[in-house]
Protein chains: 2
Amino acid sequence: MAHSKLSLADFNLRPTACRTEVLSAFQAVDYALSQYDIEQSLSAQFDRVTIYRTLKSFLTQGLIHKVLDDHGSTKYALCKELCHQGEHVHQHDHVHFKCQSCGQTICLETVIIPSIPLPSKFIKHESNLLIQGICEHCNSAT
Amino acid sequence: MAHSKLSLADFNLRPTACRTEVLSAFQAVDYALSQYDIEQSLSAQFDRVTIYRTLKSFLTQGLIHKVLDDHGSTKYALCKELCHQGEHVHQHDHVHFKCQSCGQTICLETVIIPSIPLPSKFIKHESNLLIQGICEHCNSAT
DNA sequence: CTGTGTGCAAACACTTTGCAGGTGT
DNA sequence: ACACCTGCAAAGTGTTTGCACACAG
């Protein structure tokens, strides 16, 4: 699930060493990463704080989005092309699947959350569906 | 949305002052409460730690469940009768609605999460749908 | 050169743990 | 009487802030 030519410049982010590496880390995998995951996966050693700030600026610029995780640490994933279209249209109404075996959380881009009939007077802005279970890898492995 | 005659004894919990008050706090409202919410709503002053432990024992005994919230503090809500049926059947596949105006998170018991077709080899154990928007109160108020 | 990014130290918020004393059964 | 609850203090964990220096444009 490679992400094509995302460049920091396109998001008004100066291409520093840390940012480049963090972006690569996201592009290297197809699941959501926590601050800790990133800290581990970088070749160079960056300060914890710097990674936090990097994530924050990525968030602000719409390069990544927060992934709703099962009360664990906060995770982040790259936004897809869809998200960057339009002005303030930054939708993430897709499904996140957390594997209870390997702990990875992936975005199921292809699965769309069906429209749920809400009681009257409720207005929906955003919805997040977190499904927990066993992912395809772990299901095959065992 | 009153909760009928739930008693601590039924859940193998000694009826202490703190536990009684915390249970009442849950029964008094129809939305999910955080540790902080509870700390504020109690008439008597209990130690923060005691409330944490109270929540933990309530969780263990299946009196309450964690509510998936939008990356804020952890919230809890009373389990309904459904949850207590059966041996280890403790399902919470319902919808949580978080109001972005008042911040309250409520359980929409009546709304059922439709079955989502997952890619093959994925096994679903549990699902949580968090919908964010404006609740009926805030929608009426403004 | 100017503004932004980085590292370090410290502050912060939230939650858990250890221990002595108090309470329910 | 005994086990379990509670309060206080302290330790843990994850995240943010302040400040001086370093780097990109």
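Residue numbering restarts at 1 for every chain, and letters A, B, ... go by the order of the sequence lines.
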| What string of B, S and - do you get for nucleotides 15-25 of chain D 5' to 3' if you count protein non-hydrogen atoms under 4.0 Å? | BBBB-----BS
[atom1] of [X] versus [atom2] of [N]: gap in Å, rounded?
{"X": "B:Q45", "N": "D:dT6", "atom1": "CD", "atom2": "C1'", "result": "14 Å"}
{"X": "A:L55", "N": "D:dG14", "atom1": "CG", "atom2": "C1'", "result": "13 Å"}
{"X": "B:E21", "N": "D:dC5", "atom1": "CD", "atom2": "C1'", "result": "15 Å"}
{"X": "B:L8", "N": "C:dT25", "atom1": "CG", "atom2": "P", "result": "10 Å"}
{"X": "B:N12", "N": "D:dA3", "atom1": "CG", "atom2": "P", "result": "17 Å"}
{"X": "B:D47", "N": "C:dC14", "atom1": "CG", "atom2": "P", "result": "15 Å"}

| In terms of side-chain heavy atoms, does A:T74 have a donor or acceptor partner in A:K66 at a distance below 3.5 Å? | no
| Shared-cluster residues of A:L130, by chain and number - hydrophobic side chains joined below 4.5 Å | A:L68, B:L68, B:L130
| note | Distance col, row A:L23:CG vs A:L13:CG, nearest 0.5 angstrom, shows 9.5 Å
| note | Between the OG1 atom in B:T105 and the CG atom in B:D69, the distance rounded to the nearest 0.5 Å is 4.0 Å
| task | Return the angle between end axes of the helix from C:dC1-D:dG25 to C:dT25-D:dA1, with five pairs used per end and rounding to 10°. | result | 30°
| field | A:Q61 side-chain N/O to A:N12 backbone N/O, donor-acceptor pair under 3.5 Å | value | no
| message | Minimum heavy-atom separation for A:I106 and A:D30, please, with both atom names. | response | CG2-O, 3.7 Å
| When the ring planes of B:H96 and B:H65 are compared, do they come out parallel, tilted or perpendicular, using 30° and 60° as the limits? | parallel
| Does the side-chain contact (heavy atoms from CB on, under 4.5 Å) test come out yes or no for A:N128 and B:Q132, once each step is laid out? | CA-CA 8 Å; A:N128 272 283; B:Q132 294 178 259; 4.2 Å; yes
